[in-house]
There are 2 protein chains.
Amino acid sequence: MCERPHRCHARFRNFGYKLTLPRKVILDVLRKAKKHLSAEDIYLKVYKIYPHVGLTTIYRTLEILTNIGMVKRYDFGDRRARYELVSETREKHHIHLVCLNCCKIIGYSDFTDEEIKIFDSLKENLSEKNSFDIKYHQFSYHGLCNKCK
Amino acid sequence: MCERPHRCHARFRNFGYKLTLPRKVILDVLRKAKKHLSAEDIYLKVYKIYPHVGLTTIYRTLEILTNIGMVKRYDFGDRRARYELVSETREKHHIHLVCLNCCKIIGYSDFTDEEIKIFDSLKENLSEKNSFDIKYHQFSYHGLCNKCK
DNA sequence: TTAAGTGCAAATATTTTGCAATGAG
DNA sequence: CTCATTGCAAAATATTTGCACTTAA
């Protein structure tokens, strides 16, 4: 979806939002990072390219991006949200390994067919049993990374 | 583990902590609620029984309880932590359904043997591939509950 | 031209900390 | 008795909002 800037920008514009310089820079930072950045991480990176930017704009842009589904927001338990650009190439089943000590985050989506089948049927099951309209899921494993253990 | 007050209290004392009145009341509230309460939820419930309590004490007690493994802390994305007493009777695989609108939380642990097998092997796999020492996991599905959809 | 977008400062919300007073063991 | 625990007030942290100025389309 957002591998190349034009696509990324076009998609944003298609939702009726103006493509301003701060937003361009935020999208570029997200596209390059492809990691789980906090609002402040993004602010600091954007600041280097475009120092006039305010943290408010980062939050407001992230909210838009989250709402239109271009960005996914995660809460890994350290009381600050982290954001990741959604990519078409990324698997829809996606798990995070979070280090309890250094907060390093590893993404994993290399699932077997069997695992995917189970995930899908579980979701189906949960939707039905609880009459929930499930929009997305968030799976994470928490522990200590190789450096911290 | 904490079905009965004495057990619950004894276990707490066994970790070398003094069993004070505020802590007793907090444990009782947690034991009765068996839901996912925020610090403030707990504060309000404790306040009814023991109005002299301060919110600080709630936070400090919850930190202790989380550290000694009697309580599990969750971040469901609404920027406030929620706490749940860990019970021996509760399944070790435990998933939450979170309503994006009203924040209602449903716990689910009625898994098939096949599902449990997959979860266990996945965890094993992730530990090895990333040399992570996995302590716990947190799986949640997010969507709209029957009332909100 | 003009509504959408911006930065700043101030507000909010949640959680944490310093400190003197208190109370469990 | 003595040190862990407490409540209060203040601080810290992350995020949101009001408002006048700016800018993309």
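Note on naming: letters A, B, ... go to the chains in the order of the sequence lines (proteins, then strands), and numbering restarts at 1 for each one.
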May I ask you to evaluate whether B/Thr20 reaches the phosphate of D/dT6, defined as a side-chain N or O under 4.0 Å from OP1 or OP2?
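For D/dT6, OP1/OP2 do have a side-chain N/O of B/Thr20 under 4.0 Å.
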
Report yes if at least one side-chain N or O of B/Tyr59 is closer than 4.0 Å to OP1 or OP2 of C/dT16; otherwise report no.
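So the side chain of B/Tyr59 is outside the cut-off, no N or O lying under 4.0 Å from OP1 or OP2 of C/dT16.
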
Between B/Arg79 and B/Lys18, which is nearer to the 5' end of DNA chain D once each is assigned its nearest nucleotide?
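By nearest-heavy-atom nucleotide position, the 5'-most residue is B/Lys18.
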
Could you check A/Ala39 against A/Leu19 and say which one's nearest nucleotide on DNA chain D is further toward the 5' end?
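Result: A/Ala39.
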
Side chain of [X] - closest among [options]:
| X | options | value |
| --- | --- | --- |
| A/Leu55 | D/dT17, D/dT15, C/dG5 | D/dT15 |
| B/Thr56 | D/dA9, D/dT15, C/dT14 | D/dA9 |
| A/Arg13 | D/dT5, D/dA25, C/dT16 | D/dA25 |

Please report the distance, rounded to the nearest Å, between [atom1] in [X] and [atom2] in [N].
| X | N | atom1 | atom2 | answer |
| --- | --- | --- | --- | --- |
| B/Arg73 | C/dT14 | CZ | P | 14 Å |
| B/Leu21 | C/dA24 | CG | C1' | 12 Å |
| B/Arg80 | C/dT12 | CZ | P | 16 Å |
| A/Glu63 | C/dT6 | CD | C1' | 16 Å |
| B/Arg23 | C/dG23 | CZ | C1' | 12 Å |
| A/His52 | D/dT22 | NE2 | P | 9 Å |
| B/Glu40 | C/dT12 | CD | C1' | 13 Å |
| B/Tyr17 | D/dC3 | OH | C1' | 15 Å |

Take the angle between the ring planes of A/Tyr108 and A/Phe111 and call it parallel below 30°, perpendicular above 60°, tilted in between.
perpendicular

In terms of ring plane angle, is the pair B/His137 and B/Phe139 parallel, tilted or perpendicular, where the classes change at 30° and 60°?
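B/His137 vs B/Phe139 ring planes: tilted.
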
Point-to-point distance, once rounded to the nearest 0.5 Å, from CZ of A/Phe12 to CG of A/Leu19:
6.5 Å

Among side-chain atoms of A/His36 and A/His96, is any donor-acceptor pair under 3.5 angstrom?
yes

N-O pairing of B/Arg82 and B/Asp78 below 4.0 Å:
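Judged by the 4.0 Å cut-off on N to carboxylate O distance, B/Arg82 and B/Asp78 do form a salt bridge.
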
Would you indicate what A/Arg60 reaches in the nucleic acid, counting non-hydrogen atoms under 4.0 angstrom: base, sugar-phosphate, or nothing?
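Result for A/Arg60 = base.
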
